[in-house]
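This one's a predicted model, so the numbers in the text were calculated from it and none came from an experiment. All values below were derived from every heavy atom in this structure, side-chain atoms included, with hydrogens, water molecules and symmetry-related copies excluded. The chains referred to below are lettered A, B, ... by the order of the sequence lines, with proteins before strands, and numbering in each begins at 1.
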2 protein chains.
Amino acid sequence: MANIKDIAKKAGVSVTTVSRVLNNHPYVSEDKREAVLRVMEEFNYQRNINAVHLSKGETLLIGVVVPFTNHPYFGQLVEGIANEAMKNNYKLVLFQTNYEEDREIEALKMLQHKQIDSLIICSRICEWDVINQFTEYGPIVLCEDARNRNVSSTFIDHYMSFSNALEYLHNKGHQKIGYCIGRKTGANSRQRGKAYADFLKRIDEPYKEEFIFYECLHFEHGEEVVQRLSNMDNPPSALLVTNDFAAAGIVTSCRENGIHIPDDLAIMGFDNQPIAKIMHITTLEIPLVQMGRQLLLQAIDGKKHTHQEISVKLIERQTV
Amino acid sequence: MANIKDIAKKAGVSVTTVSRVLNNHPYVSEDKREAVLRVMEEFNYQRNINAVHLSKGETLLIGVVVPFTNHPYFGQLVEGIANEAMKNNYKLVLFQTNYEEDREIEALKMLQHKQIDSLIICSRICEWDVINQFTEYGPIVLCEDARNRNVSSTFIDHYMSFSNALEYLHNKGHQKIGYCIGRKTGANSRQRGKAYADFLKRIDEPYKEEFIFYECLHFEHGEEVVQRLSNMDNPPSALLVTNDFAAAGIVTSCRENGIHIPDDLAIMGFDNQPIAKIMHITTLEIPLVQMGRQLLLQAIDGKKHTHQEISVKLIERQTV
DNA sequence: CTGTTAGCGCGTTCAA
DNA sequence: TTGAACGCGCTAACAG
């Protein structure tokens, strides 16, 4: 493939001049510019981006770390990131980690090696000391409260949201409340767990491990939850479900099993995905697409570390 | 940041030797290797990947074009691609196109400019003449029957599958059959449309435009379908729904509206997503994750163009 | 086993 | 306005 030197020779100018027309610099006479352009056309010239990257030290690539691609929560988040990336002429490198720490480290290393300009971590398994080792190499943006850290972040106050949701259920007359969540650990999950424990103390209810359902990520997991619920002597009368699809699965499964919602069991979802509307699920709206946008903007800003709290909204429907 | 030359100087060897230990080449004495490693440690040496890319002419990056990230069909496909990419030490650059041709062209141009080694197009809006302009720059892999083209492909025989599915419904006693699909055009959609038209001719039924439902992508679209169905004087008695989530939405919406499945309306889904199992939806299994794997392997093979047909399997459950 | 050297393709300073 | 020359950091052919 022809390179800048070939073009220069053929057009009878220096590589510098070619480079100038390539980058729309001033100080190139119109005739030379045209000559260069003509030769480029003739040779079907393609500039080698990697050489540009090497020369400039940036790639216009931004890494995005997600545990799973195939999940509506991350799907919406990535959608927001992708849209904003497009607008700003950045491309995304997707890291699907399955919550394996090595995959996250790979992503961090790509930042270190300058193959990506910055890194957005939508959810992580690795500890802070790991991330801290890489903050010097480029902007890192988290999707969790990281205000006291050396990175940027866009986040929800999960402690507060969860507390409010629990309070809401309590005000509706529920005393025995359980919750379904994706995973046990994780910054956001821990916040929610703490909110739950504190809430129980406040209303003077005992903490029951069996009222918490983990690995609740997809629609199909609703069935397992209802299964377990049916086998309980003293099941919760309300469930906070941190994902609308899982909530929809629970609602569907309840119908099949003759469990009436909200009378027998109240369900409160999270995210306000479209499915929640169709199935009339009361939910806490989290503007994921907008959060994605924000994450990307922080990633390309990179100036200093910023932190943006996003607020949630209760959407009352018919499952509570 | 220290570079290979600094390391060489400090370690008292040549850059070549440093490069050799960097790439695990043989022919490096143990003491020199150790000396180099020690200096690297000391300087916290980071190799500049872009320089490697420039030198080698490859990036270990593979582009993936999808219309939407946030869709279970593409979610599963990308999951398969991502898993296989991980195994082979490739990373993915994600292009979310929203079916805008310009976005697809951007991806093709990144191939042309060698920022990615090859490109997987999961679904496209652009015409073949556009793609043909880029085949010379690197392997392009499509997720549709492209056997007579200058690319590789992994595909389903959608004409055959759709025909079989229609035949199955017909054998179950259905004469008035409609279908729901994502979009009007697109290679796969056209194949299905043709199968549908041919089938109607075969059973001597008139082609009714109102029996076809477009833009049926998500769970929530099921509601609209059922809405339209309810307003028909002479609605179809069976529906082929090319997406299990949309099928699930239809099933759910039917329940709410007192339409009994399968007696009033038979539903046949596609993909065999987990939701289909939970909701007992009869469906055509499409091994998307496996297809994703295959797509990636074709992308990194690149030797010559290969074409792989994937077969589907009917999963009988309770909605037909 | 080791080092010299010539690229890879482009950006950019500096002098003209 | 222009171009020579150097630098970006690394790989690999070749010579020793």
Q: May I ask you to say what A:Asn23 touches in the nucleic acid, namely base, sugar-phosphate or nothing, with a heavy-atom cut-off under 4.0 Å?
A: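 Sugar-phosphate only.
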Q: Have a look at A:Val18 and say if it touches a base, only the backbone sugar-phosphate, or nothing, with a 4.0 Å heavy-atom cut-off.
A: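 A:Val18: no heavy atom of the nucleic acid under 4.0 Å.
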For [N], take OP1 and OP2 only and decide whether either is under 4.0 Å from a side-chain N or O of [X].
X	N	value
A:Thr17	D:dG3	yes
A:Tyr27	C:dA16	no
A:Ser29	D:dT2	yes
B:Ser19	D:dC10	no
A:Lys32	D:dG3	yes

May I have the distance from [X] (atom [atom1]) to [N] (atom [atom2]), rounded to whole angstrom?
X	N	atom1	atom2	result
B:Lys5	D:dC10	NZ	P	10 Å
A:Ile4	C:dT12	CD1	P	11 Å
A:Asp31	D:dT1	CG	C1'	11 Å
B:Lys9	C:dT4	NZ	P	13 Å
B:Lys56	D:dA13	NZ	P	11 Å
A:Arg47	C:dC10	CZ	P	8 Å
A:Arg33	D:dT2	CZ	C1'	13 Å
B:His25	D:dA13	NE2	C1'	12 Å

Q. Going from NZ on A:Lys114 to OG1 on A:Thr59, what distance comes out if it is rounded to the nearest 0.5 angstrom?
A.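 Reported to 0.5 Å precision, the distance equals 9.5 Å.
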Q.
Using every non-hydrogen atom in the two residues, find where A:Ser118 and A:Ala299 come nearest and quote the distance to one decimal.
A.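 Nearest heavy atoms, A:Ser118 then A:Ala299: OG-O, 3.0 Å.
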Q) Where do A:Gly182 and A:Leu217 come nearest, in terms of heavy atoms and distance? A)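 Of all heavy-atom pairs spanning A:Gly182 and A:Leu217, the closest is CA-CD2, 4.0 Å.
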Q: Please tell me which of A:Arg20 and B:Asn48 maps to the more 5' nucleotide of DNA chain D, matching each residue to the nucleotide holding its nearest heavy atom.
A: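 Its nearest nucleotide being more 5', the pick is A:Arg20.
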Q) Taking atom types as they are modelled, is there a donor-acceptor pair under 3.5 Å from the base of C:dT12 to the side chain of A:Thr16? A)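 Side chain to base: pair found, below 3.5 Å.
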Q. Taking the side chain from B:His53 and the backbone from B:Glu58, do they hold a donor-acceptor pair closer than 3.5 Å?
A.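 Yes, the answer is positive, given that a donor and an acceptor are paired below the 3.5 Å cut-off.
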(Q) Let me spell it out: for each of B:Ala51 and B:Ser14, pick the nucleotide of DNA chain C with the closest heavy atom. Which residue's pick is nearer the 5' end? (A)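 Closest to the 5' end, via its nearest nucleotide, is B:Ser14.
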Q | Exercise: do B:His158 and B:Glu144 side chains pair donor with acceptor under 3.5 Å | A |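 B:Glu144 and B:His158 do not have a side-chain donor-acceptor pair below 3.5 Å.
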